[in-house]
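Please read these numbers as outputs of a predicted model, since none were measured by experiment. In what follows, chains are A, B, ... by sequence order, proteins preceding strands, each numbered from 1.
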Amino acid sequence: MANVNSIFDKIRTEIRTVTETACRACIAAGTLTVENIPEIGLEVPRERGFGDFSTNIAMQMAKSAKLPPRKVAEQVVAAMVLTGTDIEKVDVAGPGFINFILNPIWLQEAVRLIREKGSDYGQLDVGKGIRVNVEFVSANPTGPLHMGNARGGALGDCIAGVLKKAGYEVTREFYINDAGNQIEKLGLSLEARYLQQLQGEDSLAFPEDAYHGEDITDHAKAYIALHGDSLLSVPSEERRRTLAAYALPINLQRIRDGLTRYGIEYDVWFSEKSLYENGDVADTLAWLKENGFTVDKDGALWLSGEMSGLEKDEVLVRANGFPTYMAADIAYHRNKLQVRKFDWAIDLWGADHHGHVARMHAGMAPFGVKKEQLEIVLFQLVRLYRNGEIARMSKRTGKAISLLDLLDEVGLDAARFFFNLKTAGSHLDFDLDLAVKQSNENPVFYVQYAHARISNILRRLREEDNVTLLPVESVDLSLLTAPEELQLMRKLADYPEEVAIAAKGLEPSRLTRYVMDVAAEFHSFYNACHVKGEAQELLQARLTLVECTRIVIRSILDLIKIGAPERM
RNA sequence: GUGCCAGUAGCUCAGUAGGAUAGAGCAAUGGACUUCUAAUCCAUCGGUCGGGCGUUCGAAUCGUCUCUGGCACGCCA
């Protein structure tokens, strides 16, 4: 799969070479006096009329050349040699942009490439040999999956997918918080509900900081149904431990099942408890202490703010002897980066944890971990809307809307699509009504409809006219000349580039928006150009383009894990 | 109080290594189905890029001040 980007790369290299050569010629001829030629940046102009690519190099050189930008541009363009390139025409425009208009043949090359690569089209190798660990959701096994988990899940899964598409070696990981304070709290909560069940609601006051969810009561009832009141006679500590040990695997299984239903498959389920059991937490703390990164204060052990560059000290071991979540988290990330030797760790956190980012980096720095190695992607929280108002409660259960409620209400496709439509950093308003609306207002259907139309063309030609797609070598792509055809081809040619940008920015939402563009170009093409019933030559050329569109749409829908229906 | 994120068309959002007339979808208005699916297409309308000052040939983008919203500042995670 050597260099699938070749078409784009080839064109870009060609333009750069032509431009740079022209600049040198100007300098040699004395028409341009500059200290050095800056790197030639190429961009795709917003307006199609401005050409296929443009560069602002003339504006950049204007100052040192002591000439107006347009003058510089004119000199450079005059010196360009275009023979033997894909460049058809060069213009100077606006304040001094140099615009390149390409011969449409390059788009035919792009189509050929898509047909050759098939479902591999868009697969890059920029991440080749780089092992990356993407950790996401990592929900506490103390209750149901919520909206934050839903967004983080879709986002994390798709970041992993995009990185894979860019050639990285990706591991999807879930960190199980099966140790520490929240498990204590789970035990405490279960005990209280357990006692209330057996001894009456008023037998004790439910602890303020315990989990109030109804699932806690359900666990207590279920335990009593199985084991009766056997825990009444044992010490409180044992009672809590037993109840927590009972509920934990059940909750964990529910999380696994819920995420499976959501389309997420993890490679690794990593237990926090294991870090305590194998001594990693203790080792980490001992090392920090020995190397002077900690201070003792008020009976607790703190990470020194002074040594780590933080504004204040942070507790690592409480006065009661229990390490904090942060201590375990440092040990965990050491495990990722140093024991398991991932080159890159990506964590997805809800934005309410942003305060923890600097602390984590500070906690890892003593171990030689650089900031770039541990990348935290923060995503803003979700607001659900129903009937134009903020919706907090599930229609069915009357309780807070969980991930499973969402899947029941809007389905998998809509959920994953909408969570991947906006950038992670933007607050997301999720319109529950829109997500289920079977109309043009709903962008999910827009894309799926394009795929269904394509499937329909292919099927009807096969079934009714006994026509199948010929190998690309025997198709005359030069027949594709309509504006709608060329624009669609151009859009499809962008795909590898889009993958690269999405991977670099860890923004899979870019691909979601891109696939909407592809669908739009296809729908325009569909309305302007017929396939079925056209003369053989043209029919095959268009059919090839349709097939290429199918490949790209399918590729992205698969990545986001949204259904690609054959009929709608 | 300090810090982080956000503020772009009526609504939801793109656009930040500074670039051309700031884009898209939805909504609104007007058109297109005897022709591969009209869940579609075509056209029109719609903007003090929260506000001020500054840097620059050029600012939604950079700096600074300010307003508004969300979040975080724990021996919670």
Side-chain angles (χ1 to χ4, degrees), chain A residues 39 41 43 45-47 49-50 54 56 59-60 62-63 68-69 93-97 99 138 140 142 177 180-182 184-185 209 272 297-302 311-326 328-329 349-358 378-381 383 385 388 418 421-431 434 437-450 452-461 464-465 484 509-510 513 516-517 519-520 522-534 539 542-543 546 567-568:
Chain A
E39 193 183 336
E43 61 177 47
R46 279 202 194 100
E47 292 280 326
F50 290 141
S54 76
N56 64 350
M59 280 116 91
Q60 289 182 350
K63 202 162 201 172
F97 286 99
N99 293 334
S138 298
N140 278 341
T142 53
N177 299 123
N181 215 37
Q182 66 276 19
E184 300 291 322
K185 227 159 97 175
D209 58 343
E272 177 185 1
K297 194 169 61 179
D298 306 328
L301 182 72
W302 306 65
E311 284 180 13
K312 55 191 175 71
D313 301 336
E314 297 291 338
V315 176
L316 292 172
V317 182
R318 303 185 188 95
N320 66 10
F322 288 106
T324 59
Y325 177 86
M326 183 180 170
D329 221 11
W349 295 353
D352 53 338
H353 288 76
H354 71 78
H356 193 50
V357 176
L378 295 173
F379 55 91
Q380 295 294 328
L381 300 181
R383 266 189 314 199
Y385 280 82
F418 280 101
L421 192 53
K422 316 280 168 76
T423 55
S426 77
H427 296 266
L428 195 156
D429 291 329
F430 194 114
D431 188 333
L434 176 61
K437 210 174 270 185
Q438 308 231 339
S439 79
N440 60 340
E441 290 170 60
N442 190 338
V444 186
F445 294 108
Y446 186 82
V447 176
Q448 291 185 319
Y449 187 51
R453 273 182 153 176
I454 290 169
S455 303
N456 197 52
I457 293 173
L458 295 166
R459 183 177 54 243
R460 287 196 57 182
L461 279 173
E464 295 169 19
D465 302 342
E484 291 83 2
S509 65
R510 208 185 154 93
R513 289 189 296 272
M516 288 175 71
D517 281 351
F522 174 76
H523 285 310
S524 292
F525 160 81
Y526 184 92
N527 274 273
C529 306
H530 264 259
V531 182
K532 198 171 185 291
E534 294 293 338
L539 184 150
R542 286 184 174 164
L543 193 54
V546 168
R567 298 169 195 266
M568 283 175 79

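- Taking the six-membered ring where the residue is Trp, A/His523 and A/Tyr446 present perpendicular rings, their angle passing 60° and hence far from 30°.
- When the nucleotides B/G69, B/A77, B/C42 are ranked by their closest atom to the side chain of A/Asn177, B/A77 comes out on top.
- Side-chain nitrogen and oxygen atoms of A/Ser509 include none within less than 4.0 Å of the OP1 or OP2 phosphate oxygen of B/A14.
- Between A/Asp298 and A/Glu441, the residue anchored closer to the 5' end of RNA chain B is A/Glu441, taking for each the nucleotide with the nearest heavy atom.
- Taking the C1' atoms as reference points, B/G7 lies 15 Å from B/U61, given to the whole Å.
- Only the P atoms considered, B/G30 is 15 Å distant from B/C45, to the nearest whole Å.
- Here the C1' atom of nucleotide B/C5 and the CG atom of A/Asp429 are 15 Å apart, to the nearest Å.
- A stacked arrangement is not assigned to A/Tyr446 and the six-membered base ring of B/A39, the conditions of a centre distance below 5.5 Å and an interplanar angle below 30° not being jointly met.
- Contact between the side-chain N/O atoms of A/Thr324 and the OP1/OP2 oxygens of B/A77 is not found at any separation under 4.0 Å.
- A sub-4.0 Å separation between OP1 or OP2 of B/A38 and a side-chain N or O of A/Arg453 is present.
- Between B/G47 and B/C57, the two C1' atoms lie 25 Å apart (nearest whole Å).
- A donor-acceptor contact under 3.5 angstrom links the side-chain atoms of A/Ser54 to the base of B/A20.
- Comparing B/U64 with B/G3, their P atoms are spaced 11 Å from each other, to the whole Å.
- With B/A14, B/C75, B/C36 as the choices, the nucleotide that has an atom nearest any side-chain atom of A/Arg318 turns out to be B/C75.
- Taking atom P in both B/U16 and B/G63, one finds a spacing of 15 Å when rounded to whole Å.
- Ranking B/A20, B/U12, B/C36 by closeness to the A/Lys422 side chain, first place goes to B/U12.
- For the pair A/Thr324 (side chain) and A/Val317 (backbone), a donor-acceptor distance under 3.5 Å is absent.
- At a cut-off of 3.5 angstrom, the base of B/A72 holds no donor-acceptor pair with the side chain of A/His353.
- Considering only side-chain N and O atoms, A/Tyr526 lies nowhere under 4.0 angstrom from the phosphate OP1 or OP2 of B/C42.
- B/A72 and B/C65 have their C1' atoms separated by 24 Å, with the value rounded to a whole Å.
- In this entry the distance linking CG of A/Leu428 with P of B/G7 reads 14 Å, nearest Å.
- Each of A/Met516 and A/Tyr449 was matched to the nucleotide of RNA chain B holding its nearest heavy atom; the match closer to the 5' end belongs to A/Met516.
- A distance of about 26 Å separates the C1' atoms of B/G23 and B/A32, rounded to the whole Å.
- Per the geometry, CZ belonging to A/Phe418 stands 12 Å off P belonging to B/C26, to the nearest Å.
- Between A/Glu534 and A/Lys532 there is no salt bridge, since none of the side-chain N atoms of the basic residue sits less than 4.0 Å from a carboxylate O of the acidic one.
- Spacing between B/C75 and B/A60 at atom C1', rounded to whole Å, works out to 45 Å.
- A 3.5 Å limit on both hydrogen-bonding distances identifies no Watson-Crick or G-U partner for B/C33.
- To the nearest angstrom, P of B/U56 lies 18 Å from CD of A/Gln60.
- The base of B/A14 does not come close enough to the side chain of A/Asp517 for any donor and acceptor atom to sit less than 3.5 Å apart.
- Taking the syn range as angles within 90° of 0, the glycosidic angle of B/C45 is outside it, so the base is anti.
- With distances taken from any side-chain atom of A/Lys312 to the nucleotides B/C13, B/C73, B/A77, the minimum falls on B/C73.
- Between the P atom of B/U40 and the CD atom of A/Glu484 lies a distance of 18 Å, rounded to the nearest Å.
- As the counterpart of B/C71, B/G3 is assigned, both hydrogen-bonding distances of the Watson-Crick or G-U wobble pattern falling under 3.5 Å.
- Nucleotide B/U16 forms a pair with no other nucleotide shown, judged by Watson-Crick or G-U wobble geometry with both contacts under 3.5 Å.
- Between the side chain of A/His354 and the base of B/C71, a donor-acceptor pair under 3.5 Å is found.
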